[in-house]
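Presented below is the structure to which this report refers.
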Amino acid sequence: ESASNTNEISERKNQSVVDIDPIDVIPTIKQQAIQALQDKANEKLVEIENDTNATFEERETAKTSVNEALINATNDVRNATTNQLVETAQTSNTNHIGQIVPNSVHRNNMKQELERAIASKKSVIDNDTNATIEEKNEAKAKIDEIANQARLNIERGVHNTDVTTAKENAVNKINDVQVNAVKKNLARQAIIDQANAKKSEIDRTPNATDEEKAVAKAKVDEAVNNTKAAIDQATNNAGVDAAKSSGLDAINQVQPVVVKKDDAKTAIDEAARAKKVEIDQTPNATDEEKAAAKAKVDEAVTSAKNAIDQATNNAGVDTAKTEGTDAINHVQPTVEKKAQAKNAIDEAARAKKAEIDQTPNATDEEKATAKAKVDEAVTTAKNAIDQATNNTGVDTAKSSGVDAINHIQPTVVKKDEAKAAIDKAAQAKKAEIDQTPNATDEEKAAAKAKVDEAVTSAKNAIDQATN
């Protein structure tokens, strides 16, 4: 309806002013948005506070971010000029506040560092070739025990320093864990002890030379090295025990090959046997002379074997064997019994022949015949001496020979027969003289005297004759 006049218009204006003046704007959109943002921020703060993986410092940082985001969000809402802008500011800031979470890295970082330390230490343990699986597992179990407690401590840590301290303490403890690697060391020591005992036993081996002992000791060392290698290769206690047991058996079974001295003694015995055979073939040696030579051989054998026993090395044994063999080979029987007996026979024969040569009235022929008998007795006696095998036989042959020689006497008949013939002729002549007719006794006596003179001359001539 249009105003009809100025007054009416003025009244209506005044009335309108009266009606408009009480009207106020109620800003609920922004307040509601701000309250929603505040609620979201409070919800987020509670969520952050309940984040157990975040440390106090990380939660505080997140809370600060929420509070800063709330301030910014509130400003954005307040600065918005339309409902749409308010809604947009509310939505975007609500999303932003909702995305705020604690940067929970410290606890995880400490856990990761802990796990790396654990893995590194276990790797070191696994690479410890001197430890058995059981010893490694024992050390790893200690690490696991430390690690489990450390993980709890890291989880329970409130502040960064709490978490860091829990991790560092655990890492230090883990690094301090050492494998109690004694199994292989004890096994090696047992092997070394047994080897030393075996070597002492080898050193006491009768008749073994230094070289034979050294060879046996080298076998012990070889067994030790093989056993140590087997122990090193063993991965568990059972393997170590098996290697040690096999090694101990191998060491205990080592024995010196003692042949040098025995071979040398055998060579001495062979030389002695050959020498005794040679002695038995010695011409003109009696059993006693052979026995005496063999006794010298036995003495040389004993001396050689004693020298071999006293030798400490192969060179000493070789020297003792060579010297012993030479000593045996130089033994010769002292062959004198038969020679002495034959000399005695020869002496008896010479004496007898000298005696024969002094035999009164024996002719050369008679002496020669007697000497021939002496020579025959000598030959017989010497043959008997040669046939004798022992000293008694030689003595008997010598005694019999000397007796046979001494009993030989020349048969002295030639001159006696000649003298008897002279005497017979003289007797016949004297009988003839006695029958001489007309001869006086004096004449007969004178003739007989001439006969006696002739007899004397004839006998002297016979005595002077040598053959």
Side-chain angles (χ1 to χ4, degrees), residues 195-223 249-343 383-398:
N196 290 335
K198 189 63 180 181
K199 287 181 179 180
S200 295
E201 177 187 323
I202 289 169
D203 280 332
R204 294 192 299 272
T205 303
N207 295 325
T209 64
D210 290 344
E211 290 82 354
E212 289 169 332
K213 293 175 183 178
V215 169
K217 290 179 182 179
K219 290 180 180 178
V220 170
D221 289 336
E222 182 180 356
D249 289 342
I251 291 169
N252 288 332
Q253 288 174 8
V254 172
Q255 296 297 333
V257 178
V258 184
V259 295
K260 186 68 177 180
K261 290 187 177 182
D262 289 340
D263 288 347
K265 290 179 181 179
T266 299
I268 292 295
D269 287 335
E270 287 299 323
R273 277 193 288 273
K275 189 63 181 181
K276 287 182 178 181
V277 170
E278 178 187 323
I279 289 169
D280 281 332
Q281 303 301 319
T282 304
N284 296 323
T286 64
D287 290 345
E288 289 81 355
E289 288 170 332
K290 292 176 183 178
K294 289 178 182 178
K296 291 180 180 179
V297 170
D298 290 337
E299 183 179 348
V301 167
T302 299
S303 296
K305 288 185 176 180
N306 286 338
I308 289 169
D309 286 336
Q310 293 301 314
T312 58
N313 53 34
N314 287 352
V317 172
D318 288 337
T319 299
K321 180 184 75 172
T322 300
E323 292 178 353
T325 301
D326 289 344
I328 290 169
N329 289 333
H330 279 91
V331 172
Q332 297 297 333
T334 302
V335 183
E336 58 184 15
K337 186 68 178 180
K338 289 186 178 183
Q340 289 173 349
K342 289 179 181 180
N343 287 338
N383 286 337
I385 288 170
D386 286 337
Q387 293 300 315
T389 58
N390 54 35
N391 288 351
T392 300
V394 171
D395 288 338
T396 298
K398 180 186 75 172

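None of the values given here were measured: they were computed from a predicted structure. Numbers here simply count residues along the sequence, with the first being 1.
Closest approach of Lys338 and Ala388 over heavy atoms only: NZ-O, 2.8 Å. Taking each heavy atom of Val297 and Ala272 in turn, the nearest pair found is CG1-CB, 3.7 Å. Nearest heavy-atom pair across Ala208 and Lys213 is O-CE, 3.4 Å. Taking every heavy atom of both residues into account, Thr325 and Ala271 meet most closely at CG2-CB, 4.1 Å. Pro206 and Val258 make their closest contact through O-CG1, 3.9 Å (heavy atoms, listed as atom of the first residue, atom of the second, distance). Ile202 and Pro256 make their closest contact through CG2-CG, 3.9 Å (heavy atoms, listed as atom of the first residue, atom of the second, distance).
Residues meeting the side-chain contact (heavy atoms from CB on, under 4.5 Å) test with Ala304, sequence neighbours left out: Ile268. Applying the side-chain hydrogen bond (donor to acceptor under 3.5 Å, both in side chains) rule to Asp262 yields no partners; only residues at least two apart in sequence or on another chain are considered. With sequence neighbours left out, Lys261 forms a salt bridge (Lys or Arg N to Asp or Glu O under 4.0 Å) with no residue at all. Among residues two or more places apart in sequence or in another chain, the side-chain hydrogen bond (donor to acceptor under 3.5 Å, both in side chains) test is passed with Lys217 by Asp203. With sequence neighbours excluded, the residues satisfying salt bridge (Lys or Arg N to Asp or Glu O under 4.0 Å) with Asp309 are Lys265. For Lys219, the side-chain hydrogen bond (donor to acceptor under 3.5 Å, both in side chains) test picks out no residue, with sequence neighbours left out. Annotation: side-chain hydrogen bond (donor to acceptor under 3.5 Å, both in side chains) contacts of Asn196 (sequence neighbours excluded): none. The salt bridge (Lys or Arg N to Asp or Glu O under 4.0 Å) search around Asp263 returns none, not counting sequence neighbours. Qualifying side-chain contact (heavy atoms from CB on, under 4.5 Å) partners for Thr396, counting only residues two or more places apart in sequence or in other chains: Thr392, Ser400. Scanning for salt bridge (Lys or Arg N to Asp or Glu O under 4.0 Å) contacts around Glu201 gives Lys198, with sequence neighbours left out.
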Inset, instruction - Evaluate the criterion side-chain contact (heavy atoms from CB on, under 4.5 Å) for residue pair Asn313 and Glu211; output intermediate values, then yes/no. - result: CA-CA 6 Å; Asn313 53 34; Glu211 290 82 354; 3.3 Å; yes
Inset, instruction - With side-chain contact (heavy atoms from CB on, under 4.5 Å) as the test, would you mind laying out the steps for Val257 and Val215 before giving the verdict? - result: CA-CA 8 Å; Val257 178; Val215 169; over 6 Å; no
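Side-chain contact between Val317 and Glu212 is absent, with no heavy-atom pair separated by less than 4.5 Å. In this structure, Asp395 and Lys337 have side chains that are in contact, with non-hydrogen atoms separated by less than 4.5 Å.
With rounding to the nearest 0.5 angstrom, the CD atom of Glu289 is 9.0 Å from the CG atom of Asn284.
Residue pairs that meet the salt bridge (Lys or Arg N to Asp or Glu O under 4.0 Å) test with at least one member in residues 312-333, sequence neighbours left out, are Lys260-Asp318. The stretch residues 298-307 participates, sequence neighbours left out, in these salt bridge (Lys or Arg N to Asp or Glu O under 4.0 Å) pairs: Asp269-Lys305, Lys276-Asp298.
Side chain of Lys290 to main chain of Asp280: a donor-acceptor pair is present (N/O by atom type, distance under 3.5 Å, no hydrogens or angles). At least one donor-acceptor pair closer than 3.5 Å links the side chain of Lys275 to the backbone N or O of Val331. No donor-acceptor distance shorter than 3.5 angstrom exists from the side chain of Ser303 to the backbone of Ala300, with no hydrogens or angles considered.
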